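Just so it is clear, the model here is predicted, and its values are computed rather than measured.
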Amino acid sequence: MKSRGYKKSEIVLITIRGPDGPGITAKLTGILAQAKSVRLLDIEQTVVHRKLLLSVLVAFDKNGAGQAPVMKDLLFAAKQLGVNLEFEVFDSKLFATGGPDHQYVVTCLGSEVGAYPLSCIAKALAARGVNIDKIGKLTAHSLSCIELLVHAARALDPKRLTQELLGLATELDVDIAVQSADLQRRAKRLIALDMDSTLIQTEVIDELGRLAGVERKMQAITKSALQGRRHFGEALRERVKLLRTLPVSALERVCRKIRLTPGAQRLIRVLKHLGYRTALISGGFTYFTDKLRQRLGFDYAFANILEIVNEKLTGQLIGDIVDGHRKGLILETIAQGEGIELDQTVAVGDGANDLPMLSKAGLGIAFHAHERVRKQTAHGLSKGHGLDSILYLLGISERELARLKI
């Protein structure tokens with residue numbers, strides 16, 4: 001750290017604490033502004049439940065006579081304002097000309113992120129040479145989401161650090177995500193979501209299997225495909241064959257029963273308001289994705305096409321299968337067409353066939369995913385959070401959301 005030549009000055013840290021109110025900062029900085037022998041070097045203010053903490057770093061000319069009068073005026077003003085004011089001589093060698101070179105954001109979500117989870121996380125970060133600069137909450141009325149701004153002396157891989165903390169997250173029953181604290185985090189412009197068990201709380205093909213009387217066979221094939229034990233395309237064709245002769249009316253019956261995942265509407269509504277492009281990329285069927293696209297206002301929707309003849313399913317698919325590889329390709333194609341870098345994309349899914357899409361996105365999120373998928377994905381949400389908790393990973397607070405009024 002460099003002191004920027006303040007050897008001929010005395011640096012003083014002024015700390016103000018007390019009840020918050022309008023005019024406090026204006027009054028105190030006004031006194032500093034009138035003093036010719038004072039230079040403002042840094043300032044930071046925060047308010048916690050209407051309690052003010054204001055820190056001001058100033059440099060006084062050592063050979064000037066104005067330091068004592070300024071301090072006297074500040075103390076008198078603080079007393080009038082009903083706040084406490086303290087002075088501390090600050091070592092100029094500690095004065096940094098810029099922020100830390102390697103800064104990261106650690107987001108922790110749980111039913112309640114209390115003292116014990118926070119202490120465990122802080123200890124784990126310290127063991128890896130990571131220092132905490134700032135802590136704040138993203139939720140408004142609870143401690144269910146906390147954000148830590150941290151830095152390290154050397155560059156870290158955020159994805160690797162997230163995976164290293166996965167065991168701790170499981171033990172504490174919380175979700176932990178580490179991201180670089182740079183512009184890319186809040187510069188995302190495209191989100192792509194899987195449909196079944198992600199956007200909606202249903203595995204559509206299993207519901208169709210139930211109506212066709214082949215529920216158990218369907219579920220067994222689905223389970224093996226989601227866990228990656230069977231190639232997705234092969235498993236899909238095998239399941240679709242079981243639906244041969246099922247009437248189109250059965251599709252509509254399933255469609256009427258579909259329930260959105262909690263937070264889905266809010267997530268899409270907020271992101272569209274912020275200018276995001278939205279895509280639904282599913283290994284399911286266009287009959288359902290098209291309806292969801294219309295209902296929620298997705299910009300894009302991709303899925304498999306069921307062949308229908310005489311108002312009945314033939315047990316065949318039309319065109320290429322939207323498997324894992326194709327999901328990743330579709331994400332890339334949409335981003336390229338929109339002029340969006342992959343680092344500016346978000347992808348959300350729960351199954352093995354979502355892994356290519358999740359790995360290519362700037363922010364890949366395994367949502368209530370199978371263990372195998374969670375272990376291979378940089379970030380995950382699995383502790384009962386709704387889809388709108390993704391907004392926290394984008395650095396958006398509940399307070400900011402309340403101001404949107406949408």
Side-chain angles (χ1 to χ4, degrees), residues 104-111 113 117 120-121 123-125 127-128 130 145 148 150 152 155-180 185 188 191-199 201 203 219-235 261 281-283 323-329 331 342-343 345-387 389-390 392-394:
Y104 306 91
V105 172
V106 181
T107 309
C108 182
L109 298 92
S111 57
V113 186
C120 292
I121 294 167
K123 184 178 180 180
L125 292 173
R128 292 165 173 79
V130 180
C145 183
L148 293 80
V150 305
L156 302 173
D157 182 347
K159 295 181 179 180
R160 181 176 179 181
L161 182 55
T162 299
Q163 286 298 314
E164 288 177 359
L165 297 175
L166 184 59
L168 178 63
T170 302
E171 177 188 333
L172 297 174
D173 197 28
V174 297
D175 288 317
I176 300 174
V178 183
Q179 301 175 69
S180 294
R185 182 182 177 229
K188 299 292 189 288
I191 185 168
L193 293 101
D194 175 43
M195 180 176 69
D196 295 52
S197 297
T198 300
L199 181 69
Q201 295 182 302
E203 284 292 334
Q219 287 179 343
I221 300 172
T222 298
K223 184 177 180 180
S224 64
L226 288 173
Q227 294 178 345
R229 297 200 303 265
R230 184 179 299 196
H231 187 272
F232 179 82
E234 173 193 347
T261 299
I281 306 177
S282 171
D323 57 8
H325 172 74
R326 192 163 180 81
K327 281 190 171 189
L329 183 61
L331 176 66
L342 278 175
D343 281 346
T345 66
V346 181
V348 189
D350 73 301
N353 66 319
D354 294 311
L355 284 170
M357 179 173 73
L358 300 181
S359 64
K360 288 185 177 183
L363 176 61
I365 303 170
F367 184 77
H368 296 188
H370 301 277
E371 184 178 358
R372 174 177 175 269
V373 177
R374 179 65 188 91
K375 287 182 177 180
Q376 294 185 54
T377 308
H379 305 99
L381 294 172
S382 58
K383 305 304 176 184
H385 309 297
L387 264 179
S389 60
I390 290 169
Y392 297 141
L393 298 185
L394 300 175

In Å and rounded to the nearest 0.5 Å, what is the [atom1] to [atom2] distance from [X] to [Y]?
X    : Y    : atom1 : atom2 : value
E164 : I176 : CD    : CD1   : 12.0 Å
Q376 : D354 : CD    : CG    : 12.0 Å
H379 : Q163 : NE2   : CD    : 9.0 Å
L125 : Y104 : CG    : OH    : 12.0 Å

What's the verdict on side chain to side chain contact (heavy atoms under 4.5 Å, CB included) for L148 and V105, showing C-alpha distance, side-chain angles and the deciding distance? CA-CA 6 Å; L148 293 80; V105 172; over 6 Å; no
Minimum heavy-atom distance [X]-[Y], with the two atoms named:
X    : Y    : value
T198 : F367 : O-CE2, 4.1 Å
L168 : C120 : CD2-O, 3.8 Å
G349 : A369 : O-CB, 4.4 Å
D194 : D196 : OD2-O, 3.1 Å
M357 : V348 : CE-O, 3.9 Å
T377 : G364 : CG2-O, 3.5 Å

E203-S197 side chain donor-acceptor pair, cut-off 3.5 Å: yes
R374: partners by salt bridge (Lys or Arg N to Asp or Glu O under 4.0 Å), with sequence neighbours left out: none
Any donor-acceptor N/O pair, [X] side chain to [Y] backbone, under 3.5 Å:
X    : Y    : answer
T261 : L199 : yes
H370 : R372 : no
T162 : V178 : yes
S389 : H385 : no
R160 : L156 : no
Q179 : V106 : no

Just do the side chain to side chain contact (heavy atoms under 4.5 Å, CB included) check on L393 and V346 with the steps written out, would you? CA-CA 10 Å; L393 298 185; V346 181; over 6 Å; no
Any salt bridge (charged side-chain N to carboxylate O under 4.0 Å, His left out) involving residues 169-180? Give me the pairs, sequence neighbours left out, ordered by first then second residue. D173-K383
Taking the side chain as C-beta and beyond, is there a heavy-atom pair between R326 and N353 under 4.5 Å? no
Is any side-chain heavy atom of V373 less than 4.5 Å from a side-chain heavy atom of L355? yes
Give the C-alpha distance, both sets of side-chain angles, the deciding distance and a yes or no for side chain to side chain contact (heavy atoms under 4.5 Å, CB included) between L381 and I365. CA-CA 7 Å; L381 294 172; I365 303 170; 4.1 Å; yes
Go through R185 and L363 one step at a time and tell me if the side chain to side chain contact (heavy atoms under 4.5 Å, CB included) criterion holds. CA-CA 9 Å; R185 182 182 177 229; L363 176 61; over 6 Å; no
Is the number of heavy atoms from other residues, nucleotides or ligands within 6.0 Å of NE2 (H325) greater than 12? no
Electrostatic pair D343-K188, nearest N-O below 4.0 angstrom: no
